Amino acid sequence: MAELHIIGQIIGASGFPQNSLFCKWGVHAGGAWRLLSGLKEGQTQVDNPQIGEMAYWSHPIDLHFTTKGLQGWPKIHLQVWHQDSYGRCQLLGYGYCHVPSSPGHHRVSCVTWRPVGTWQEQLAHAFVGGGPQLRSPDTIYSGADRYRLHTEAMGTVDLELGIITSRFDKFGVES
Amino acid sequence: MASPPIDSRGKARKKRQESLRKDDTQEPQSSDEDPGETLKRTIRAQRQRRKKMLLEQSQEDSEDVVEDISPIQHKTEDAEEAEKMTDPPRTKKSLSKLPPIPGSQHLEDLMTQNLKEKLLAARTRVESLHQQESSIKPPSRLQRLKDRETITRFDRDLDANVSQSLSTRVQFREAAKKNDTGIPTAEEAYNFFTFNFEPEPEESEEQSKESLTKRKTSLEDEDSEREQEESDIDQANQDKDHNEEAPLVQGDDLFAIEQSTQDFIVVKKAQYIRYHKRLQHERELLFTPSLRPVPTSVKLPENIKPRYLEDEGLYVGERPPVSFTNENIFENRLLKSVEGKKWFGDDGRIKALPNPIKESSTRPPLFHMEEDLDPALQTVFRKPVMSKPENVYFAGVGDSAGDFQLDVDVSGLIFSHHPLFSREHVLASRLVQLYDQHLNRQHNNLTGYLSEKLKGLRTALKNMIEIHGTENVTEALQQRFLEYSVEVNDTRQMRDREQEKDRTLLKNIIKVWKDMKALREFQKFTNTPYRLQLRRENVDRGLDEQEYEGEVLAEVIELEAEADQEYQRKMADYRTQLEKWKLWRRKQKGKKKKTKRNAAANSEDEDMSESESNQEEPLPKPDPPEKPDIQRLEQTVREKASRIRRKPGEPILIPELSASGNITATDQCPRAEVSRRTDVGRRTLFVKIIYNDKEVSRTDSCALNSDFRVHFGQIFNLRIINCPQSICLQVFEEGGVPCSLLTQVFIPAPDPSVLTGSALIENFEFSSNQRVIYDHEGVGSDVPLSFEADGSNKVTLLTSGKLACCVSWAIGDDDVPLAPPVSQQHGRIHSGLGHLDAVSSIGASGLYDLKKIGEWAKQSRLDPNDPKNASIMQLLKVASSGEVTAPDYFRLEQLQEEFNFVGDEELDNSKRYKLLRLRNQGVPEFRNYKFVPALEREVSDKVFQDYEKRLKEGDVVDTKQHLDSHRAFVASYLKKIRESVFNRFLLAKHHYLLTDLVVEEEIPTIGLLGINIFKLAEPKRPLKPQRKERKKVTAQNLSDGDIKLLVNIIRAYDIPVRKPHSNKPAPVQTSQADLYQVQVRPFVEVSFQRTLLQTTTAEGPNPSWNEELQLPFSAPNGDYSTANLQSVKDEVFINIFDEMLHETGPGDGEKQKSIHTRFERHWLGSVKIPFSTIYSQCKIEGTFKVNTPPVLLGYSKERSHNPNGGYDLTVSGGAFISLFITIEPQLVPGESIREKFDSQEEESLLLATERFEREAARSHPDRPCLTTVIDLNGKTVFITRYIKPLNPPLDLISDTAMSMSMVARFVSLIPSLPDRVSFSGNCDLWTTCDQFLTFLAGDEEEHAVLLCNYFLFMEKRAWLVIGTAIPEGPTAYVLTYDQSRYLIWNPSSGQHYGQYDTFCPLKAVGCLVDAHNVWFNVQQYSCPTRISFDTSKNNLWRPFFSRSFTHPGLSSVQPEQMMYHNTDKSAVAELQDRIEKILKEKIMEWRPRHVTRWNRFCCSALKQFLPKLEKSSGQDLVEGHRHDLLTLLGDHKISGFPLNLPFSEIMPIIEAVHSTGVHNIQAPKVEFALAVYVHPYPSNVLSVWVYLASLIRD
């Protein structure tokens, strides 16, 4: 019966090799969690910063969960995409972060990575764009072994999350 | 706290040393000894003085001088103090003796002298002090601290002690102090680090100091001379300083504040130590281990021999590789250290762990990462893609989807009949078909299989009987016997059937071949290469006969047994029945006896049976069953056998068809045949591939071969986004006539598991009913054809054939099927993938549910021995043996249970969560639910009542609410359609454009500016205000109370006027009445959402109010979204009332004092405008016809004949009202759906419609143009398909004179329901007429179409008019041309208007539609009064189909004929009673404070009148009716009126009654009368009449 509110925003992204970014996001929670209201996935607009390097989206997140257990605490997974001057979209980074578990205001920065692929793919990426993508994007947040996957660090996505917990104390969870 | 002075002191000392060495005599002597108290002051003064003096002296020396000032000063102080100690009088003397400003020359001498003296004195004093110290105990530190103040005050008594103690302290910091002086020398550094700072006893301090220096010197014996000297001097100075410094510290403490930084800084040269010296130093300090190996004996403890564990056989790991030199160095070093030997092992080597570095790398190599990467981690290289609209059709697939590919393999075409077939071809194709069939049967060999099975079964049965014997069989065994015999019987019958088929097939083949041979001979040429050969296989006659007989015998036996059993069963039946009969008979007898006794009957049995038969049905005496006739059985068996089986000894005939024959060359053929052949040669065929009704590709044209086979062999790869709904292959034929569609073959969309490569090519049969006749040998199609000589036995052959093709999902580069996931296919309404084969539907294709397979196998009695079923049997065996038993469930989060806070039930039961969830899901009841309580207990159960009720009802129809089961059914059906349409549009709604999201203010241009400037110059006309364009407001940021409805009531015309009571002479004041002759005092009341507002009262039948009323608007649930606003069903009622003023009788006593007036209002008529209309139109302006009741008691329709009006006003009698209605602020009406719908229309037609509409919109943007509409299935349909003559109900057109208006009335009685309301989107769905009549609800368009179709049936010229009208906006009317007069019919009210009627609600005509064409109005005006309706003139009406684009012969979507059923009379009567009861209850409810009396007499009178009204449609009965009523109710003042409504639901009726305000009459003695009449029309169309009257007794 405990409830969790996640209210916040995806502020933006910085440190990516290209500008003009947008972000697909989703919140993944375990089986014990139920979404009471709000959208748990979405996509931001494309921001093409004129000044500075950071792309700002200020994309609101407002979710209300209830849970019967602590397992599977919600996590936010992100995919940062780049829209190039031809209007083509390509993936720039995957990332995920846990929703903070303590109530209050949090500023979370989520680092992202991108699969590198073979040298042919890298070459293609450099010249014609595109790039390797995960076949199953669940891997972003699932605990699967990712070894052997060659990745490259990308920029960070900043999130601002306000957490309100309710009635966790009733079940002995203190925050 | 003493450090800064110490530092400064140190520096000072150093400087002084230097100055001493240099013997800087040029400095001015400043031995200005002051006595203790004034010392400070004087020194300051002196310094200033001296500075001045020095500046005078020399500029170059100034720095030095300045630097040296303080040391000198100190020194002088020191000296002075020393002097104080030694000889105070001298100091006094010198003080007095010295002149204030000494001269530089003679100062030198003085200084040197002085210094020498001081040195001497200091030395002696040090000695003496040391002697003193040894005796005097040093004061504690604390004391010293305390004493400091006294010291600063230069307390002489304490001076010596303090200075000394301080100096000792200074000693300890010697080294540190030295560091400050500059770069420390090596010695100094050494001293610093090695100096022992342990506090030594104070008395031995000096000695220790000396010993220290001695030790130092001993260490530094190789040091250079100069250094030694220096250190010596240093030492000496230090020693000397002790005394001198002590007071100095205190002094410095004070002076430091005054001194500049330069006083403490000295610039020094960089010190350099020579290399070899440094090496020497280092050599002393450092220890360099030797490189030589160390002998083992040194490393081990004495007398121990090295022990090698390896030699003892113990495992010793490999030591990490270290070079020998390194090892040696290390060993040497270790040996030097304390306990160095413990590092060595028994073998004399350094102990070491085995080499930790593994030989092979633990991490597997990273090459070949592509091959065996975890599939979950595999990446795909994706090209950057244009962002395309979300994959709406494959919902939920996400971004990874979108690339689905269908491979359509069109391999070929075989005609089984073609118009160009010659007769021989027909036969040949028949032969081929039969032969194929034969081959197919042969291959399957069902007969053989069944015979074998039969044989097996028989032996099994026989065996069983043999083993168990016929006796003592158990119940189960018996059952098995039975089963077996039944099985045998079934199998036998099946086999017989198959055999018969085989035989007939063979016979047919032979017959056709014979025919063909005959034909060839007859026509003397051959067209086909087929030849049939019959191969004979002789058989052994004896064996064959034996077999044959055995077979027959076995069958006979079986049949016998069966018959026997049957007989037995029948016998048993018979016996039981006989028993029954006997019992019954006995009973009857007993009864008979009784009756006989009573009635004294006459005779015995015969009579009894007779009377019996009279009294009761007698039981028939059962007949015993017949014995089976064995003889006949055998006969039948034999007959059958001879029919279906080969006779014994007859050779087996095996037909063999070969295509090896020769075709006669063309030049040898007759002319007709030649022309046929050339025709064949000309023909080419190609196939178009139509995917989801769109042509995607086509094959090459291939020539038709003489054998009528076409091979295409082309594979088309379709990349698709939309879910495959239909895949269609259209076969086109070219040659002769230009390109005709031969046929189309629909191919089911493949199952997602059907992939290219594994899919088989299937033959799809097709046929076409095209009629083709040729004059040559070609037989044509759809032409009767006979092969008999006499022309009998005709057959009609249609073009048909088989298309071999295959549709499958492609496989991607990486072997991933490009098919949509299976799960996507489920739950889709319009999925084309419903054609799953039986096996896959039970799950066999996935092979995951073994249980199901088992069941299926059991059901279908799979033969376990059949090799075809081997795999399934194997699987089943495995399944049943439990080798692969898996639990029925898969637990995803196995530990969840243990850690749960609460169970699922509790979460499910939580009302609050439920409320939150439902609100989030947008369930209509909770869509805009505002505040959800924070606590569970605050959520009441009531919240869910409505919702749960709705869920529970579901399909169950609540007849109570709808009063009528049919309408209830329709309502629920409509709801379903609404849902599906809503879901369909939900997708379309998400297609946003930029303008939907971003509001951009238009940038004012120069032109606009110019216009504005002109506006300034315009004359102001305050009396003629103009309406300005307002800013539109998007609906999202609105809340309750923001939106207002503005109703501007301008004027009204022709309002009914009061009629004087005829039978009663005017009351008292006749003269006054004449004077004021008030005809009517009307006012308007507007009611909307139960808010009432009224205008002031005006006078006369043509009043002018010009008033604006503001009505608040609140959206349901507070949801101001566009969709919700569109579906607001509320209506604005505009009622016109007459205000009656009654002066009620004043009290008897005071006649003159008070007069009571009573207002009374009488309803005159109303206009109602749905909110949805206002919303979609933004504003409504115009003159509306007021719906006045046909009879208005107490009023007459005074017609104001306007002689000036040129037009015929008499056509439209009645009252009118001018209104302007708008919404404040202006809301953005919902956008129409930007969605292209599928269509079955041809592409060219669709293109033409688009072009036509585009052109129309460009030339006349304000005229609606409609060429295509959307039908209920969401398909685009051309509009003319809706127009078709349809029969109206028969009884309506029996009266020819009235028929048109009767039909119009019938149509108008069908309730109207705007699509916008029902389908919550700005989309217009057109239903066909039969659908419309079934739903009994529809838009204006449906009414118009139905009316138009009726008129057409009545052989009138009628068109559908697409135009704009008030208040409907864009709508459809009907135009008729009758008796050289155009009439415009409003289909939803049934009214008709002449073309030149000014009050015609149709304001603009956009286009006319009839069954064959659409005309767009291209005249200058659009108003019907000003245009010509002659559609033949192309310059006035632009036709859609013209000579250049002819009508392709579109068939109608309407049904052939309308079926009407009679309405149930009793149900209508019941409905009538219910409405009356409900209305009466409601009226009483609306009058809570008054007694509502019903005048029964009046009620019944009114009731009788209503049917008459219906018959006459409310005309010309008024007078008579009034008269009747007045005679009936003589002394009552009656006011009342009948209302007529189409019936849809009860609520609109209640609303209408409420809006008349009859219940508001509050006269004391008022009585009411109410009568309801429901008139049934066919097909459940009901006309409801409500007669309301109020009676006031005079």
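Please read all numbers here as calculations on a predicted model, not as lab measurements. Here is how names work: the chains are called A, B, and so on, in the same order as the sequence lines, proteins then strands, and each is numbered from 1.
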query = Can you list the residues that meet the side-chain hydrogen bond (donor to acceptor under 3.5 Å, both in side chains) rule with A:Glu3, with sequence neighbours excluded?
reply = A:His64, A:Arg167, B:Arg912, B:Tyr913
query = Top residue by heavy-atom pair count (under 4.5 Å) with chain B, among A:Pro115, A:Gly131, A:Ser37?
reply = A:Gly131
inquiry  = Distance check, rounded to the nearest 0.5 Å: A:Arg88 atom CZ versus B:Arg382 atom CZ?
reply    = 15.5 Å
inquiry  = Does B:Glu936, at its CD atom, have more than 12 non-hydrogen atoms belonging to other residues, nucleotides or ligands within less than 6.0 Å?
reply    = yes
task = Return yes if some donor-acceptor pair links the side-chain N/O of B:Asn900 with the main-chain N/O of A:Gly69 below 3.5 Å, else return no.
result = no
task = Heavy atoms only: give me the nearest A:Arg135-B:Val380 pair and the separation to one decimal.
result = NH1-CG1, 3.3 Å
inquiry  = I need the B:Asn920 CG to A:Leu39 CG distance, nearest 0.5 Å.
reply    = 7.0 Å
key: Minimum side-chain heavy-atom gap A:Arg34-B:Asp908 below 4.5 Å   = yes
task = With sequence neighbours left out, write down each residue that passes side-chain contact (heavy atoms from CB on, under 4.5 Å) with A:Ala2, or none if nothing qualifies.
result = A:Thr67, A:Phe168, A:Phe171, B:Phe901
request  = Taking atom CZ of B:Phe381 as the centre, report whether more than 12 heavy atoms of other residues, nucleotides or ligands fall under 6.0 Å from it.
outcome  = yes
